[in-house]
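A short write-up of the structure that comes next.
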Amino acid sequence: MEKLLIIDDRDDIRKQLKWGLAKDYDLTLAADADEALAIFRKHRPKVVTLDLGLPPDEDGTSEGFRCLEEILRMEPATKVIVVTGNDERESALRAVRTGAYDFYRKPIELGELKVVIRRAFHIRHIEDENRRLQNFVEEKTTGIGGIVGQCPQMEQMFTTIRKVATSDVPVFVTGESGTGKELVARAVHSLSLRKNRPFIPINCGAIPENLLEPELFGHEKGAFTGAHARNQGKVEFAHSGTLFLDEIGELPASLQVKLLRFLQEKVIQRVGGREDIVVDARVVSATNVDIEKAIQEGIFREDLYYRTAFITIHLPPLRERGEDVLLLANLFLRRFSEGIHRKIKGFGPEALSMLRSYEWPGNVRELENRVQRAVLMADSPFLQPSDLGFDRKVPVSLAPLESGVSLKVARDRVERELIGTVLSEQGGNIAKASEILGVSRPTLYDLMKKHGMGG
Ligand SMILES: Nc1ncnc2c1ncn2[C@@H]1O[C@H](COP(=O)(O)OP(=O)(O)OP(=O)(O)O)[C@@H](O)[C@H]1O
Ligand SMILES: [Mg+2]
């Protein structure tokens, strides 16, 4: 029999409910908050009925709310049915906002209350089952290194990672911004024999050229103004481990030469030094620029490319990963709603269809940000498109699409129109527009360039 806890300070009500419910449930009864919490701790009933007016505050609700909050803290999945006096509408609503499952107004009509209780157990079972399934799905879908993905391209990528990780070959990761390149670099490291050695990331695009060289290769004391002591660089720190050269496409020409020398000869020199220092580091690089084009344009050295891109791993954009977007959305939903009292149960139908049809220019990072925002903003248990920041209608209606156009053409047009609308609404303010569109500023610039908009 299911365990049910009844909390009410009135003897006659406890008797009435005991008489009415004892044959259906494994019943425990409590007359005040402390007794109730002690029982709850021990028996963990899935459903509880709670009278809000408990001693010593029979006429108020403070003890009732304390009890409610404690129970939900101990087990957020508990279905608490709050029982209130006839004139306590406000408290009833507040209780539901606090996380109570439902409320029931006195006087108690046994038949009715039974239905409410039965339904509470029913919902609890469905939710338990859902949770079990979700955990199962998570185990099944999390590939290596916490990378979630089940679509064929991702499966193939996992295979490649497993194959190359244990050798020391250089790996080159490409993909649009936010597709998970750093995650892949870390996965390669964590499956390699170097996994217990350092993983040293350096973002070649984020550091000014004159500082990047000492950052990478270190410097001797007195090598330049301000070089008060000898300093090791990132490459040296990565000795015996993995060096992750993020945004390698941004590496200035002079440093491309020095990096090439390191890759060929496995030695470096600190800035201002003459000594050759032997470094054994596995190199993983990443870029979101079109590196082949950069080579053609003479911006990136071809010989460096061949040295760094022994194996290339391409991460597909999120919009090409099919149902993975829903797996990821659910993963982030669970991750961000953990520890939040207000229970968020999932995505509403409109939100789901938005997740499926949206283009995701900022890829997984954008999805992660939108879900995080939604978890904070949501007022209802099922997330709405507006919670995800999709509050403006995509202006396809401006001119209906002919049915013969390809998806690509339709997408391009919607993208162009939406960017145009937002930009003009924001008076051309790129920072604001990119925030609304949920993409980084560089991405917005790229999109504007692609559509021939602006300067
Ligand atoms: N397949 C995935 N499963 C789970 N989380 C992911 C996945 N892909 C990306 N993420 C998460 O998305 C965010 C962005 O990933 P990451 O930083 O690796 O992308 P990136 O390609 O390096 O982006 P950028 O080009 O902007 O540097 C991170 O928080 C990462 O944990
Ligand atoms: Mg990155």
Side-chain angles (χ1 to χ4, degrees), residues 69 72-73 76-77 79 93-102 123 126-127 130-131 133-135 137-138 141 148-149 176-180 317-319 321-397 411 414-415 417-419 421-423 425-426 429 431-441 443-444 447:
E69 281 167 20
L72 290 176
R73 202 184 52 73
K79 297 287 161 237
L93 293 178
R94 199 182 121 210
V96 170
R97 277 198 301 272
T98 307
Y101 157 72
D102 201 353
I123 301 264
I126 292 178
E127 284 179 9
N130 247 318
R131 234 186 316 276
L133 266 175
Q134 276 179 346
N135 288 339
V137 167
E138 185 155 2
T141 52
V148 168
E176 290 179 10
S177 126
T179 45
L318 183 57
R319 64 186 161 278
R321 295 191 206 173
E323 298 285 290
D324 276 9
V325 64
L326 301 186
L327 286 179
L328 284 161
N330 275 304
L331 169 82
F332 294 136
L333 178 66
R334 245 164 306 135
R335 198 176 281 171
F336 292 126
S337 54
E338 217 155 73
I340 285 193
H341 226 35
R342 224 159 11 99
K343 267 282 163 187
I344 294 173
K345 300 213 159 74
F347 296 90
E350 293 91 358
L352 279 179
S353 87
M354 199 70 212
L355 290 176
R356 281 203 171 91
S357 62
Y358 183 60
E359 280 284 276
W360 300 110
N363 293 293
V364 186
R365 187 193 311 285
E366 180 185 358
L367 175 62
E368 188 175 11
N369 291 342
R370 282 187 186 267
V371 174
Q372 182 169 28
R373 172 202 142 110
V375 168
L376 295 173
M377 303 300 286
D379 315 305
S380 65
F382 289 95
L383 298 179
Q384 302 301 309
S386 59
D387 299 324
L388 291 157
F390 293 124
D391 35 14
R392 71 196 52 239
K393 286 256 175 293
V394 177
V396 263
S397 53
R411 274 183 186 143
V414 171
E415 196 174 276
E417 288 180 11
L418 183 59
I419 292 172
T421 310
V422 174
L423 274 173
E425 278 174 12
Q426 298 306 320
N429 184 325
K432 278 201 185 128
S434 63
E435 201 185 304
I436 291 169
L437 290 162
V439 298
S440 70
R441 274 193 282 174
T443 306
L444 181 54
L447 290 170

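Residue numbers start at 1 and run along the sequence shown.
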Using 0.5 Å steps for rounding, measure from the CD atom of Glu323 to the CG atom of Leu355. 10.5 Å
Are the side chains of Leu318 and Thr179 in touch, meaning some heavy atoms are under 4.5 Å apart? no
So Leu388 and Met354, do their side chains get closer than 4.5 Å, heavy atoms only? no
May I ask you to check if Arg370 and Phe332 form a cation-pi contact, with NZ or CZ under 6.0 angstrom from the six-membered ring centre and within 45° of the axis? no
Spatial distance of atom CD (Glu366) from atom CG (Asn369) [nearest 0.5 Å]: 8.0 Å
Considering all heavy atoms, the nearest Ser177-Thr443 contact: OG-OG1, 4.2 Å
Taking C-beta and beyond as the side chain, do Leu437 and Pro361 meet within less than 4.5 Å on heavy atoms? no
Distance, nearest 0.5 Å, that separates CD1 of Ile436 from CD1 of Ile419: 12.5 Å
Should we say atom CZ of Arg411 is surrounded by more than 12 heavy atoms from elsewhere, each under 6.0 Å from it? yes
Verify, without hydrogens or angle tests, whether Arg373 (side chain) and Asp387 (backbone) share a donor-acceptor contact under 3.5 angstrom. yes
Minimum heavy-atom separation for Ala433 to Leu423, with atom names? CB-CD2, 3.8 Å
Treating Glu417 as the side-chain partner and Glu415 as the backbone partner, does any N or O pair qualify as donor plus acceptor under 3.5 Å? no
Just verifying a value: how many Å separate Leu383 CG and Ile344 CD1, rounded to the nearest 0.5 Å? 5.5 Å
Just so I know, are the side chains of Asn330 and Phe347 near enough to count as touching, which here means a heavy-atom distance under 4.5 Å? yes
Minimum side-chain heavy-atom gap Leu352-Leu326 below 4.5 Å: yes
Looking at CZ of Arg321 and CG of Leu327, how far apart are the two atoms once the value is rounded to the nearest 0.5 Å? 11.0 Å
Of all heavy-atom pairs between Asn429 and Ala431, which one has the smallest distance, and what is that distance? OD1-N, 3.0 Å
Report the distance from atom CD of Glu435 to atom NZ of Lys432, rounding to the nearest 0.5 Å. 9.0 Å
